[in-house]
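In what follows, a structure is listed as structure tokens, so that the remarks can point back to it.
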Amino acid sequence: MLVSLHVKNLALIQETEVLFGEGLNILTGETGAGKSVILGSVALALGGKAEKDMIRTGADYALIELTFEVTEPVRCALEAMEIPMEDNQVILQRRVMPSRSICRVNGETVNVRALRELAGLLIDIHGQHDSQILLQTKRHLEILDGYAGGELPTVRASYQECWRRCGELERQLRENGLDEAARKRELSLAQFELDEIAEAALTAGEDEQLERDYRRMVNGRRIAEALGAVHGLTGYESGDGAGEAIGRALRELGSVVSCDEGLEEFYRQLSEVDGLLNDFNRAVSDYLSDLEFDGETFKNTEERLNYINRLKDKYGRTIADVLAYAEHRQEELERLLHQDEWLEKKRGELAAARKQLEKKAGELSALRRKAAADFCRDMQAALQDMNFLHVEFAVSLTPKGSFGSDGADDAVFMISTNPGEPVKPLASIASGGELSRIMLALKTITARQETIGTFIFDEIDAGISGRTAWKVAHKLGILAKTHQIICITHLPQIAAMADHHFYIEKNAVGDSTATTINELNGEESLQELARLSGAAQLTPGALENARQMKELAEKNK
């Protein structure tokens, strides 16, 4: 559930905060007051496209912050994204600046893609033009599958795995069905590459050791000069080395240690320093002895390193990559040597995979036919509740003659809204107002499959009025019993159904204009209903009409 919305410096909004409640949250206001900006800010916070001209004039940035109370699926998603949670709350924040935007979830910076992924679990925003998806017949199968639920998603996933397997086998057969001349050329190349890699007798980590040795040899003179100086400065033979100085200090301290027991700890510590320095000095001397090498050793190291680097340029970035490439080429060599047997085996695998694909496609189609019958029954009942005086709804589920990623079916929604008229494709006959009602009917029957807790409707009342508006209001009230609904409307019938009523208005603030939003109390809500009903003045009659409208809405909830 969306608990709160905080917006600052966005378009006409200077700063405002809204606390939403459970059930049906209605937003009303004069045309142009900024109602869509309020809900647009929600979409922006959830990863929508940000433009610099969204920032309020004179401001350096725009800020949108959403607070949600979430369910277990969202908690699991946040854990997978390694985002901390406290008290079942998620706070999404987006700061939009002229050159970039910063997104945060519970204080953790995330990218826009992660924000959109999370948004899909939190909220469903239905804008003024989203009913148009009903005109896209390619979406009808997706809607039907979403309605079906049950075992259909599992069967569909199994089908898609078979479909991918068939595609992979077809690709392998297509790419590897070589004629004899091409097979011999490929065979020769594979054998050459394997021989070249085998001849190198590579060992894991060899290149790294060679690079260390080569770097040491190339810089041998600098290393020798530096370590020679270090050896003298820390030694015991040059006359002014640190070892000699510490030795003298030890002798001086030893001459008086018997005079005071407190000096024994100093003597012990200095003795340890002397021992450590002595060990260090000997280690430097040993390193200098090992640093000596002849020109032949340097040449061999350089040549071996160059040889390995050439192989890495051809076959992989590391020795492990080169060896893995050799293993892959060995498999290809075996295939080329026994191409006929390999092709026969793959054809057999493809035949078995296609048989399994047909079986899964049949199971998927059967589940869809069963779901389509229930879907049509539920949609017809929901549409009748939407004041369609006569309506028939059907799903045309037909074979498409081939296997695709979504199965072997085509689905088209069919409808008739006039007595005696046969059902026809919805896309060819539905008007704008009808589409809005059909979409709302669809939402009410698919809500039980939704894990999303909040639905936003931006002017779903487009193209409707009168009795039909009451029907739509009733459906929104039903949906609000199980989900949080946030709805922008111009119709008093829908506004009367509100559990929480907010008024959006635009006012002059100094030399600029600002949009604000406030929740209305009971009497203020009645006044707004009267205004929405077209009353030029708030007369007692207009207010009484609004009160009756509110009472009727309460009875129908």
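We use all heavy atoms of the structure for the numbers below, so side chains are in, but hydrogens, waters and symmetry mates are not. We're numbering straight along the sequence, starting at 1.
For the pair Leu19 and Ser4, the tightest heavy-atom approach, listed with the atom from each and the gap, is CD2-CB, 3.6 Å. Taking both residues in full, the closest heavy atoms of Val395 and Ala372 are given as CB-CB, 4.2 Å, listed atom of the first, atom of the second, then distance. Across Ala530 and Ala546, no two heavy atoms sit closer than the pair N-CB, 3.9 Å. Nearest heavy-atom pair, Arg156 versus Asp406, reported as atom, atom and distance to 0.1 Å: NH2-CB, 3.7 Å. Taking every heavy atom of both residues into account, Thr444 and Leu479 meet most closely at CA-CD1, 4.0 Å. For the pair Cys487 and Leu24, the tightest heavy-atom approach, listed with the atom from each and the gap, is CB-CD1, 4.5 Å.
With Ser525 contributing its side chain and Gly522 its backbone, the two residues share no donor-acceptor pair below 3.5 Å. Gln484 places a side-chain N or O within 3.5 Å of a backbone atom of Leu2 that can act as its donor or acceptor partner. Looking only at distances, no side-chain donor or acceptor of Arg94 sits under 3.5 Å from a matching main-chain atom of Val112. In this structure, Lys550 contributes its side chain and Ala498 its backbone to a donor-acceptor pair below 3.5 Å. Looking at Glu65, its side chain never comes within 3.5 Å of a backbone N or O of Gln93 through a donor-acceptor pair. Proximity of a side-chain donor or acceptor of His140 to a complementary backbone N or O of Phe413 within less than 3.5 Å is detected. Side chain of Ser365 to main chain of Ala361: a donor-acceptor pair is present (N/O by atom type, distance under 3.5 Å, no hydrogens or angles). A donor-acceptor pair under 3.5 Å is formed between the side chain of Arg56 and the backbone N or O of Leu12. Distance alone, capped at 3.5 Å, places no donor-acceptor pair between the Asn9 side chain and the Ile55 backbone.
Residue Leu305 holds its CG atom at 8.0 Å from CG of Asp207, rounded to the nearest 0.5 Å. Note that CG of Leu10 and CG of Leu63 are 9.5 Å apart. Values are rounded to the nearest 0.5 Å. Distance CD/Gln493 to CZ/Arg467: 12.0 Å, rounded to 0.5 Å. Interatomic distance, OG1 of Thr67 versus CG of Leu92, reported as 8.5 Å (0.5 Å rounding). Expressed to the nearest 0.5 Å, how far NZ of Lys312 lies from CZ of Arg317 amounts to 9.0 Å. Atom-to-atom distance recorded for His474:NE2 and Ile494:CD1 is 13.0 Å, nearest 0.5 angstrom.
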Decide side-chain contact (heavy atoms from CB on, under 4.5 Å) for Leu526 and Glu523; before the verdict, give the C-alpha distance in whole Å, the side-chain angles of both, and the deciding distance to 0.1 Å.
CA-CA 5 Å; Leu526 289 177; Glu523 189 61 31; 4.0 Å; yes

Using the side-chain contact (heavy atoms from CB on, under 4.5 Å) rule, take Leu144 and Leu397 through it: C-alpha gap first, then chi angles, then the decisive distance, then the call.
CA-CA 10 Å; Leu144 177 63; Leu397 199 61; 4.3 Å; yes

Test salt bridge (Lys or Arg N to Asp or Glu O under 4.0 Å) applied to Glu168 and Arg171, step by step
CA-CA 5 Å; Glu168 175 61 20; Arg171 183 194 64 78; 2.5 Å; yes

Begin with the C-alpha distance, continue with both residues' side-chain angles, and end with the deciding distance and a verdict on side-chain contact (heavy atoms from CB on, under 4.5 Å) for Asp410 and Leu141.
CA-CA 7 Å; Asp410 274 330; Leu141 191 65; over 6 Å; no

Set out, in order, the CA-CA distance, both residues' side-chain angles and the distance that settles salt bridge (Lys or Arg N to Asp or Glu O under 4.0 Å) for Glu30 and Arg531, then state yes or no.
CA-CA 10 Å; Glu30 294 284 359; Arg531 185 191 69 80; 3.2 Å; yes

Would you please test Thr16 and Thr515 for side-chain contact (heavy atoms from CB on, under 4.5 Å) and show each step?
CA-CA 8 Å; Thr16 191; Thr515 292; over 6 Å; no

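Applying the 6.0 Å contact sphere to CD of Glu519 captures more than 12 heavy atoms from other residues, nucleotides or ligands. By the neighbour-count criterion of 12 heavy atoms within 6.0 Å, atom NZ of Lys138 is sparsely surrounded, having that number or fewer from other residues, nucleotides or ligands. Dense packing is recorded around CD of Gln209, with more than 12 heavy atoms of other residues, nucleotides or ligands lying under 6.0 Å away. Few gaps surround CD on Glu554; more than 12 heavy atoms of other groups in view lie less than 6.0 Å from it.
Annotation: side chain of Leu520 is in contact with side chain of Glu528 (closest heavy-atom distance under 4.5 Å). The closest side-chain heavy-atom distance from Ile517 to Leu5 is not below 4.5 Å. The side-chain heavy atoms of Leu442 and Phe375, taken from C-beta on, include a pair separated by under 4.5 Å. Considering only heavy atoms from C-beta on, Met97 stays 4.5 Å or farther from Asp60 through its side chain. Proximity of Arg329 to Tyr315: side-chain heavy atoms (C-beta onward) are nowhere separated by under 4.5 Å. Looking only at side-chain heavy atoms (C-beta outward), Leu426 and Phe393 come within less than 4.5 Å of each other. Two residues are said to be in side-chain contact when any heavy atoms from C-beta on lie closer than 4.5 Å; Leu532 and Leu491 fail this criterion. No side-chain heavy atom of Thr137 sits less than 4.5 Å from a side-chain heavy atom of Pro425.
Ring orientation note: the planes of Phe403 and Tyr159 are tilted relative to one another, at an angle of 30° to 60°. Taking the six-membered ring for Trp and thresholds of 30 and 60 degrees, Phe20 and Phe502 have ring planes more than 60 degrees apart, a perpendicular arrangement.
Partner of His501 under the side-chain hydrogen bond (donor to acceptor under 3.5 Å, both in side chains) criterion, out of Asn521, Asn518, Asn25, Thr28: Thr28 alone.
Between the side chains of His6 and Glu15, at least one donor N or O sits under 3.5 Å from an acceptor N or O.
Ionic pairing of Arg377 and Asp374 is present here: one or more N-O contacts between side-chain nitrogen and carboxylate oxygen are shorter than 4.0 angstrom.
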